2 protein chains.
Amino acid sequence: MTTILIADDHPLYRDALRGALSQPLNSITLVEACDLPETVSVLEQQEVDLLLLDLHMPGSQDLFGLLHIRKLFPDVPVAIVSGTEDPAIISKIIGVGALGFIPKTASKQNIKDAIQAILAGDIWLPENISDKVESVDESFSQLAEQVASLTPSQYKVLCYMRDGLLNKQIGYNLDIAEATVKAHVTAIFRKLGINNRTQAVLIASQLELEPPAH
Amino acid sequence: MTTILIADDHPLYRDALRGALSQPLNSITLVEACDLPETVSVLEQQEVDLLLLDLHMPGSQDLFGLLHIRKLFPDVPVAIVSGTEDPAIISKIIGVGALGFIPKTASKQNIKDAIQAILAGDIWLPENISDKVESVDESFSQLAEQVASLTPSQYKVLCYMRDGLLNKQIGYNLDIAEATVKAHVTAIFRKLGINNRTQAVLIASQLELEPPAH
DNA sequence: AAGCACATAAGACTTTAGTCTGAAAAGTGT
DNA sequence: ACACTTTTCAGACTAAAGTCTTATGTGCTT
């Protein structure tokens, strides 16, 4: 019995994925989520054998969200579903720990192949670009490691910093004291090897892959 | 007599452009620049009838640099040369005031056509994507307008802010007092409708179009 | 000549940011 | 049970950010 979690904010595409999965694969359980917090919540509650994650979900923040998931649930295989087909971006996705990349233009047969490969422990990429995917450069993987070393609370604080909030506002949102926020901020700076919040915001927004579409 | 300025940091591609231009068009003068400050310097010194601008030049910062050029020299027609072919990005480029977009994969004939069209005052786009280019949404064009309203000094200060520098360091780099930097920073906040530097950095980095390649 | 935008900057001030020390509670894994 | 990490936060402090006011000089426009 295999459990697959579909995390995508687009209901229609969730339907399409469900359709592509239910037919070829039997004895699977499908679970769905439409934003990042919900995805985390599902992963906490039940065992999941494969996560199909859309990079552009609300709260996901592209690679930033993927790093977060990888950090919290290192044992859950993750395949990224996205509309992008840029080899440079796909390289980074793989470099950050995803086991596969499924373009939204993939056929049902491709999706089926991909999922079976990933469930078997392989890395799966679209054929036409698998040779274009290179290993990411050292500075990026170092950055990814540093961001991945953040604790969940530190991650949340960094998310709010990236939205331009003051420490006081972050504390209000997370329902903790400003002193605690400051403690987290200092810890983040240490781990990222920086010394002010502007640099932290820059690092966080470097993990965005596309310009904001809205 | 027509003067064309080629601004591209890649010497080989400058050569290629030069080759594509010297043959079909006669009675033109070619000038070259390899980074943004040099481009500005050339535009200050001589009349230029067309600027072929690479978005990814050192110091250029993508749309940020284009906005800067458009602000300083609103009468100089600008065509963007870039490797991207993403319609969303091209839409923004046109929305920010460029008169044309020439993909780096364009043929000599295409380049010739493009330049003649733009010199004649038309907007030129690659055929295969000209129908996919949409008008950019209101919030983005409003953002672009606000950034374009910055004075040259304010632009420079924002550039340094975006690099994570302190006011004191910015003052040292620009050889002005920290008090002056603060005055500029406050003016920038007013124009952008924000109240702290984190938000300024976010706006500036939203005008980046691709993740840093290096 | 007068007006205007811009750049420069000092002074005084309030508010955030950020560090350091220390400490207590809660959870995690062995 | 023990060690370890994480989260929480206070107090005291230094540094930086940001506002407001005022002012001088320059260059450009009308």
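First the proteins, then the strands, lettered A, B, ... as listed; each starts at 1. Remember, it's a predicted structure, so these values are computed and weren't measured experimentally.
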Practice item. Give the rounded distance in Å between these two atoms: CD1 of A/Ile188 and P of C/dA17. Key: 13 Å

Check your understanding: Looking at the side chain of A/Thr151, which of D/dA17, C/dA17, D/dT7 is the nearest nucleotide?
Key -> D/dT7

Review point. Taking only residues two or more places apart in sequence or in another chain, which ones pass side-chain contact (heavy atoms from CB on, under 4.5 Å) with A/Tyr172?
Key: none

Exercise for review: Return the 5'-most residue of the pair B/Asp175, B/Lys182 with respect to DNA chain C, ranking by each residue's nearest nucleotide.
Suggested key: B/Asp175

Review point. Quick one: which of C/dA9, D/dG18, C/dA7 gets closest to the side chain of B/Thr180?
Key: C/dA9

**Study point:** Position toward the 5' end of DNA chain C (nearest nucleotide), A/Lys168 or A/Ile194
**Key:** A/Lys168

Point to revise | Options C/dA7, C/dA9, C/dA17, nucleotide nearest the side-chain atoms of B/Gln154 | key: C/dA7

Check your understanding: Taking the side chain of A/Pro152 as its heavy atoms from C-beta onward, which of C/dA9, D/dT7, D/dC9 lies nearest to it?
Key -> D/dT7

Exercise for review: Could you check if a side-chain atom of B/Leu72 sits within less than 4.5 angstrom of a side-chain atom of B/His68, using non-hydrogen atoms only?
Suggested key: yes

Review point. Whole-Å distance between C/dT16 P and A/Leu165 CG?
Key: 13 Å

Review point. Atom NZ of A/Lys191 to atom C1' of C/dT19: distance rounded to whole Å?
Key: 18 Å

Point to revise | Nucleotide nearest B/His184 when distance is taken to its side chain, options C/dA17, C/dG18, C/dT8 | key: C/dT8

Review point. Any idea which of C/dA17, D/dG18, D/dA17 is nearest the B/Asn196 side chain?
Key: D/dG18

Study note, to complete from the structure: To the nearest angstrom, the CD-P distance between A/Gln199 and C/dG18 comes to 10 Å

Review point. Among the nucleotides C/dA17, D/dA17, C/dA9, which one has an atom lying closest to any side-chain atom of A/Asn167?
Key: C/dA17

Review point. What integer distance in Å separates A/Asn195:CG from D/dA17:P?
Key: 11 Å

Check your understanding: Would you call B/Ile6 and B/Leu21 a side-chain contact if the rule is heavy atoms closer than 4.5 Å?
Key -> yes

Exercise for review: Without swapping roles, check the side chain of B/Thr186 against the backbone of B/Lys182 for a donor-acceptor pair under 3.5 Å.
Suggested key: yes

Check your understanding: Between the side chain of B/Asp49 and the main-chain N/O of B/Thr3, is any donor-acceptor distance below 3.5 Å?
Key -> yes

Revision key, fill the gap. Judged by nearest nucleotide, the residue sitting upstream toward the 5' end of DNA chain D, B/Met161 or A/Ala183, is A/Ala183

Check your understanding: Nearest to the side chain of A/Leu166 - C/dG18, D/dT8, C/dT16?
Key -> C/dT16

Review point. Whole-Å distance between C/dC6 P and B/Lys156 NZ?
Key: 14 Å

Exercise for review: Indicate whether OP1 or OP2 belonging to C/dG18 is found under 4.0 Å from a side-chain N or O atom of A/Thr186.
Suggested key: no

Review point. Reckon B/Arg190 has a side-chain N or O less than 4.0 Å from the OP1 or OP2 of D/dC20?
Key: yes

Review point. Taking the side chain of A/Ala179 as its heavy atoms from C-beta onward, which of D/dT8, D/dT19, D/dA10 lies nearest to it?
Key: D/dA10

Point to revise | Rounded interatomic separation in angstrom, taking CD1 from B/Ile176 and C1' from D/dG25 | key: 16 Å

